Amino acid sequence: EECLLDLDDSDTDDDLGFELNDEHTINKNTIQSTPKISLTEISSLYFVQHVWPEITKKPSFHAKMLDPLLVWMEIKSTIKGSVQAMKNGNGYLSLEEYEEVGKKMAPNFVGKRADVYKLFEYYQEYLQQQRYNKSLFDECDLFHSLHQRLSKLEDLGWSIHHFFIDEVQDFTQAELALFVRTCRDPNGLFLTG
């Protein structure tokens, strides 16, 4: 079964179901039908309802005393969603890097970061185990993959002149960094929130 969301950055044109000619346009004669797969994004609701009960089964500490939504936000915005995490080859901070993050950037779990990081490790295990049979994907892994692919290009070969973004406080650092990277002129960014 072929997965439409392949985060492996070793894609070739053949994997995409069509070929690109020398001008990088689609040769319509080679488009093949690929099976459609329903993908499920791990949202905050999915994390709380489905992932949290699974990752807190392990009896190593009292995770039940932590708020699952705050843990999810810590994973999404700091451990996997920071610029530093995006630049790491694996797409997330190490425990040491996470523990060094300042209180202003991540104020929720000062003194409990080792516990939160252990839950993050359980989450990563769960994600790997469930990724293909439940077609789950993590938005942070998607942005990391995009960043890795774009960082290999000197020139994007295409141009986005302006971004108008509202509610910018709801974006992770990694997402905002991708907007900056893909906008031809950083002065073309209009951010509010």
Side-chain angles (χ1 to χ4, degrees), residues 5-11 41-48 50-132 136-154 163 165 167-183 186 189 191 193:
L5 178 66
D6 183 7
L7 298 179
D8 179 17
D9 64 356
S10 62
D11 288 340
E41 177 185 355
I42 299 180
S43 64
S44 56
L45 181 63
Y46 191 94
F47 182 84
V48 170
H50 301 283
V51 178
W52 185 255
E54 294 298 319
I55 67 174
T56 55
K57 284 181 181 176
K58 301 192 182 205
S60 61
F61 59 92
H62 302 328
K64 302 265 185 206
M65 297 179 70
L66 300 174
D67 183 319
L69 190 54
L70 288 178
V71 171
W72 171 243
M73 292 309 299
E74 190 80 356
I75 290 170
K76 184 179 176 192
S77 63
T78 305
I79 298 173
K80 292 182 86 172
S82 64
V83 170
Q84 184 179 357
M86 188 172 58
K87 291 180 179 178
N88 285 352
N90 57 14
Y92 53 86
L93 299 177
S94 68
L95 174 59
E96 294 76 24
E97 291 169 325
Y98 176 51
E99 287 179 331
E100 290 175 6
V101 172
K103 284 195 302 187
K104 287 187 178 184
M105 182 175 164
N108 291 327
F109 295 105
V110 176
K112 295 181 183 177
R113 289 191 179 170
D115 291 342
V116 172
Y117 199 84
K118 182 54 81 178
L119 287 167
F120 162 70
E121 291 175 329
Y122 294 156
Y123 166 69
Q124 285 294 102
E125 289 173 18
Y126 175 85
L127 187 60
Q128 288 299 352
Q129 293 167 358
Q130 303 297 321
R131 177 166 276 149
Y132 294 105
L136 298 177
F137 77 97
D138 180 329
E139 172 180 275
C140 295
D141 291 337
L142 177 64
F143 281 104
H144 178 256
S145 178
L146 288 170
H147 172 76
Q148 295 295 93
R149 293 170 191 224
L150 290 173
S151 67
K152 294 176 185 175
L153 302 174
E154 285 184 33
F163 278 111
I165 303 169
E167 303 296 333
V168 71
Q169 74 276 2
D170 294 337
F171 289 89
T172 65
Q173 288 181 348
E175 293 166 332
L176 293 172
L178 279 172
F179 288 127
V180 171
R181 171 71 174 105
T182 56
C183 191
L189 293 168
L191 310 174

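Just so you know, these numbers use all the heavy atoms, side chains as well, and skip hydrogens, waters and symmetry mates. Bear in mind the structure is a predicted one, so any value in this text is a computation, not a measurement.
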remark   = When rounded to the nearest 0.5 Å, the distance separating CD1 of Ile55 from NZ of Lys118 is 12.0 Å
request  = Determine, for Asp141 against Lys80, whether the closest basic-nitrogen to carboxylate-oxygen distance falls under 4.0 angstrom.
outcome  = yes
note = Nearest heavy-atom contact between Val48 and Pro53 is O-CD, 3.5 Å
inquiry  = Can you confirm whether the side chains of Glu167 and Gln169 place a donor and an acceptor under 3.5 Å from each other?
reply    = yes
ask   = Between the main-chain N or O of Phe137 and the side-chain N or O of Glu41, is there a donor-acceptor pair closer than 3.5 Å?
value = no
message = Please report whether the ring centroid of Tyr98 lies less than 6.0 Å from that of Tyr92.
response = no
note = Separation between CG (Leu176) and CZ (Phe163), nearest 0.5 Å, reads 10.5 Å
Stepwise side-chain contact (heavy atoms from CB on, under 4.5 Å) check, Ser145 with Arg149 = CA-CA 6 Å; Ser145 178; Arg149 293 170 191 224; 3.2 Å; yes
key: CG on Leu191 to CZ on Phe179, rounded to 0.5 Å   = 8.5 Å
ask   = Minimum heavy-atom separation for Ala85 to Ile79, with atom names?
value = CB-O, 3.2 Å
request  = Report the C-alpha distance between Met86 and Gln173 in whole Å, list the side-chain angles of each, state the deciding distance to 0.1 Å, and finish with yes or no for side-chain contact (heavy atoms from CB on, under 4.5 Å).
outcome  = CA-CA 9 Å; Met86 188 172 58; Gln173 288 181 348; over 6 Å; no
query = Would you say Met105 and Ser82 make side-chain contact, with heavy atoms under 4.5 Å?
reply = yes
key: Backbone of Leu95 reached by a side-chain donor or acceptor of Arg113 within 3.5 Å   = no
ask   = Quick one: does Asn88's side chain have a donor or acceptor within less than 3.5 Å of a partner on Asn90's backbone?
value = no
query = Do Phe109 and Val71 pass the side-chain contact (heavy atoms from CB on, under 4.5 Å) test, and can you show the C-alpha distance, the side-chain angles, and the key distance before you say yes or no?
reply = CA-CA 9 Å; Phe109 295 105; Val71 171; 3.9 Å; yes
message = So Trp52 and Leu119, do their side chains get closer than 4.5 Å, heavy atoms only?
response = yes
Distance, nearest 0.5 Å, that separates OG of Ser77 from CG of Asn108 = 8.0 Å
Side-chain (Glu97) to main-chain (Ser94) donor-acceptor, under 3.5 angstrom = yes
ask   = Looking at CG of Leu150 and CG of Leu146, how far apart are the two atoms once the value is rounded to the nearest 0.5 Å?
value = 6.0 Å
task = Find the distance between CD1 (Ile42) and CG (Leu136) and round it off to the nearest 0.5 Å.
result = 4.5 Å
query = So do Tyr123 and Asp138 actually touch side chain to side chain, heavy atoms under 4.5 Å?
reply = yes
remark   = On a heavy-atom basis, the closest approach of Ser44 and Leu69 is CB-CD1, 3.6 Å
inquiry  = Can a donor-acceptor pair be found, under 3.5 Å and without considering hydrogens, that links the side chain of Ser151 to the backbone of Gln148?
reply    = yes
Derivation of the side-chain contact (heavy atoms from CB on, under 4.5 Å) call for Glu175 and Glu139 = CA-CA 10 Å; Glu175 293 166 332; Glu139 172 180 275; 3.0 Å; yes
ask   = Taking the six-membered ring for Trp, are the ring centroids of Tyr117 and Phe120 within less than 6.0 Å of each other?
value = yes
